[in-house]
Structure formats: C-alpha cells, structure tokens
Number of protein chains: 2
Amino acid sequence: MRISTRGEYGLRAMVELALYQGQGPLALNVIAQRQGISEPYLEQLMGTLRKAGLVNSVRGAQGGYELSRPAAKVTVGQVLRALEGPIIPSECLTEDGEFVCVQMEECATRLLWRKLQEAIDSVVDAITLADLADEQRRLQVRSGALMYEI
Amino acid sequence: MRISTRGEYGLRAMVELALYQGQGPLALNVIAQRQGISEPYLEQLMGTLRKAGLVNSVRGAQGGYELSRPAAKVTVGQVLRALEGPIIPSECLTEDGEFVCVQMEECATRLLWRKLQEAIDSVVDAITLADLADEQRRLQVRSGALMYEI
DNA sequence: AGGAATCCCTACAGGAATGGTCGGATTTGT
DNA sequence: ACAAATCCGACCATTCCTGTAGGGATTCCT
C-alpha cells in the first residue's frame, strides 16, 4: 500500500513548478537537479503529466515546463492519479466507486474498501499544489535557505 | 496505490474464520473453496498470519485454523499490515510516522504523506473482523443464502 | 498400528511492474 | 547555423506478485 516513486517524484516536481509559477517555463534539468531525480526518468513523468493536461511544455531553447493552471486549481489527487493510475485499494472497485467483483456477489470487505477509498480521496482531493508550495516556502524560510536568491 | 491480493484474500479468509469462531478449527481447503482462492497460495498467507499471532493452527486430521482472539479484538489494520507490510504511502515514512527521508531535509510533501497515512490508519484501525463478519451475515441473510445450513 | 487428514516449509517459476537508461528526432531562441 | 531543450520509443535489470510443486511433520480415527 504505497505510492511509488513515480507519484512521489512527479509530485515533488509539480511543487517545484508551483513555486516558480508565472516566472516562465522551468527546464527539466533544473527540476531534476533541485529534487535529486534522474533527469531522463523525470522526463517520462513530465510527459505523462503533460498528456494529462496538468503541465504545458515549451520546446526549444529556454523552454521547459509550467503548470497549465493556477497551483490552487490542481489537486494532489489529480497529479497522483495521472502518474499512478486510479488510487483505489482493491480490484473490486472502479474509479467511480462502483464494484466489479465477479467472485462473490456479496462480500463484506467491500464495505472496507469503499471507506478506505473515501478516506484517501478526501485527503488527496482536498490538498492542492498551492497548499504544498506554501508549506514548502514556510519550511525553506525557517531553515534559512534560499535567501540569497533575492 | 492498491492492496494486493495477499491482503484481500487474507482478509476474506479472516472474515470466514470470524464467522465460524467458537465452532472449532476451520480447515484450509474449506476456506479456500468457499472464497475461491488457490489452496496452496492461501496456505502461505495463513502461515504469515499465524506467525503474526493472529490465528492459531491445529495440526493433524480435523485440524485447521481459528482466530487467536475474539473477532472484535482484531482490526483490519493488523491483518493487512501482517500480510502487506506497513501501510504507508511513501518511503519517507516509517511505521511510527517518523521521517527517514535523506534526500531533502525539508520537503512539503511530507505533510501530505502524513495526512494520508492518518486517514488510512483511522479506517483500518477502526474496523474489526467482527464488524465485517456482521456485515457479511447481513448480506447473506438478505440474499437468502445459507439458510439451509440450520 | 496404520492410514488419512491436515498443517508446515522451502524452492522454484512465469509475468508484470518498477525504476530507470539510451539514442535520436524535433522544435526554437540567439 | 548552433545550441538548448523537449519529445519519443525502445530497451533493460531488478524486484514483486501470484502462484505451483513436493515433501515433511503432526494428529485424529478406526
């Protein structure tokens, strides 16, 4: 029951983009270096996020990536689902919360899976990239980093 | 972000044991057949559950498995963690909610992982096998099954 | 005592997912 | 034109998942 590095790396990259939103596109190698992620690997992830419509890319020199919407309009759930597929605890559940379990017509564990999914969704759909970017700024200020960038 | 079949099968088997608790041990092949699970595969899972202290086994003819505690004292979280390892969203987190992320000293996504874990734990640690067994009985009665067993 | 039932354990195996790498094609600012 | 970037598809090693196989140990029943 884990989020893979895809979701973790991709989300960290998205937070990075949120931090610098409105300042032009951010190049892949900058993000990768800043987050300590393999560049070609992150490239794949960004491709997925672009196809999902969450980021825009600018090709050519001085190009890079930027959020396609304000950070406050992008939820963590959207990012994670784009990268990891539907976040559902069991095969029994579809993305819509429907059941597709053929095995048993009536199975008590469904009750559990549904509650689990609701709990997860209520978290990932409530937190936006803006929330995480705010948190990140707070942490950076506290630890005294990044002040030389003014 | 899924529970594997290990957790799913194991939990279904545990619900089965909860349903028949107090009526002597339930043989592996009975559970496997009733739940539509490969018998040798389920055998492995039961071994894990036994080592975790969640079930007792009775060897020899007429043997089988039974819950080591009342169903109301066994949470879904205990079963899932025994079978799947710690239920944590990210590598950053340990079982205790501590952070072990070496990469970045301060990372905003930690906020998210912690909230996610709290949400998941609040579900799996609140639901017991007795809850699921009750639900199962309710479903079976409603669908008119099992009445010929009286 | 003997056989049958049943759990116990280890090893193996095919397939999918994970976590990347690599090389080249394409686009675009300078 | 050149360099900086994204884009794209193929490849690859490792691990995890989902079992299977086979034999050993224990206990009940007759």
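In what follows, every chain begins at residue 1, and chains take the letters A, B, ... in the order their sequences are listed.
Projected onto DNA chain D by closest heavy-atom contact, E43(B) and E84(B) fall at different nucleotides, the more 5' of which corresponds to E84(B).
An OP1 or OP2 oxygen of dC17(D) is reached within less than 4.0 angstrom by no side-chain nitrogen or oxygen of T5(B). Taking side-chain N and O atoms only, Y65(A) has a distance below 4.0 Å to OP1 or OP2 of dC7(D).
Listed nucleotides: dA5(D), dC17(D), dC8(D). Nearest to the side chain of R50(A): dC8(D).
Rounded to whole angstrom, the span from the CD atom of Q44(B) across to the C1' atom of dC17(D) amounts to 11 Å. Look at CZ on R2(B): it is 15 Å from C1' on dC16(D), rounded to the nearest Å. The CD-C1' distance, from E8(B) to dT18(D), rounds to 13 Å in whole Å. Taking atom CG of L45(B) as the reference point, atom P of dT18(D) lies 10 Å away to the nearest angstrom.
Contact annotation: the side chain of L80(A) never approaches that of M1(B) to less than 4.5 Å [non-hydrogen atoms, C-beta and beyond]. Using a 4.5 Å heavy-atom cutoff, the side chains of M14(B) and L54(B) are in contact.
At a threshold of 4.0 angstrom between heavy atoms, the contacts of G47(B) with the nucleic acid are absent. At the heavy-atom level, R6(A) lies under 4.0 Å from the strands shown only through sugar-phosphate atoms.
Exactly one of R34(A), Q136(A), Q21(A) qualifies for a side-chain hydrogen bond (donor to acceptor under 3.5 Å, both in side chains) with E16(A). That residue is R34(A). Applying side-chain contact (heavy atoms from CB on, under 4.5 Å) to L116(A) and the options V76(B), V123(B), I87(B) leaves one that passes, V123(B).
Two end axes, each from the C1' atoms of five base pairs, can be drawn for the helix from dA1(C)-dT30(D) to dT30(C)-dA1(D); they diverge by 10°, to 10 degrees.
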Are C107(A) and R12(B) close enough, and set up right, to give a side chain to side chain contact (heavy atoms under 4.5 Å, CB included), and what steps lead you there?
CA-CA 8 Å; C107(A) 167; R12(B) 297 223 311 259; 3.8 Å; yes

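Using a cut-off of 4.0 Å between Lys/Arg side-chain N and Asp/Glu carboxylate O, R138(B) and E135(B) are scored as salt-bridged.
Heavy atoms from other residues, nucleotides or ligands lying under 6.0 Å from CD of Q33(A) number 12 at most.
Remark: the E84(B) side chain and the S4(B) side chain contain an N/O donor-acceptor pair separated by less than 3.5 Å.
With a cutoff of under 4.0 Å to any heavy atom of chain B, the contacted region of DNA chain C is bounded 5' to 3' by dA5(C) to dA11(C).
To the nearest 0.5 Å, the span separating CG on L67(B) from CG on L129(B) amounts to 6.0 Å.
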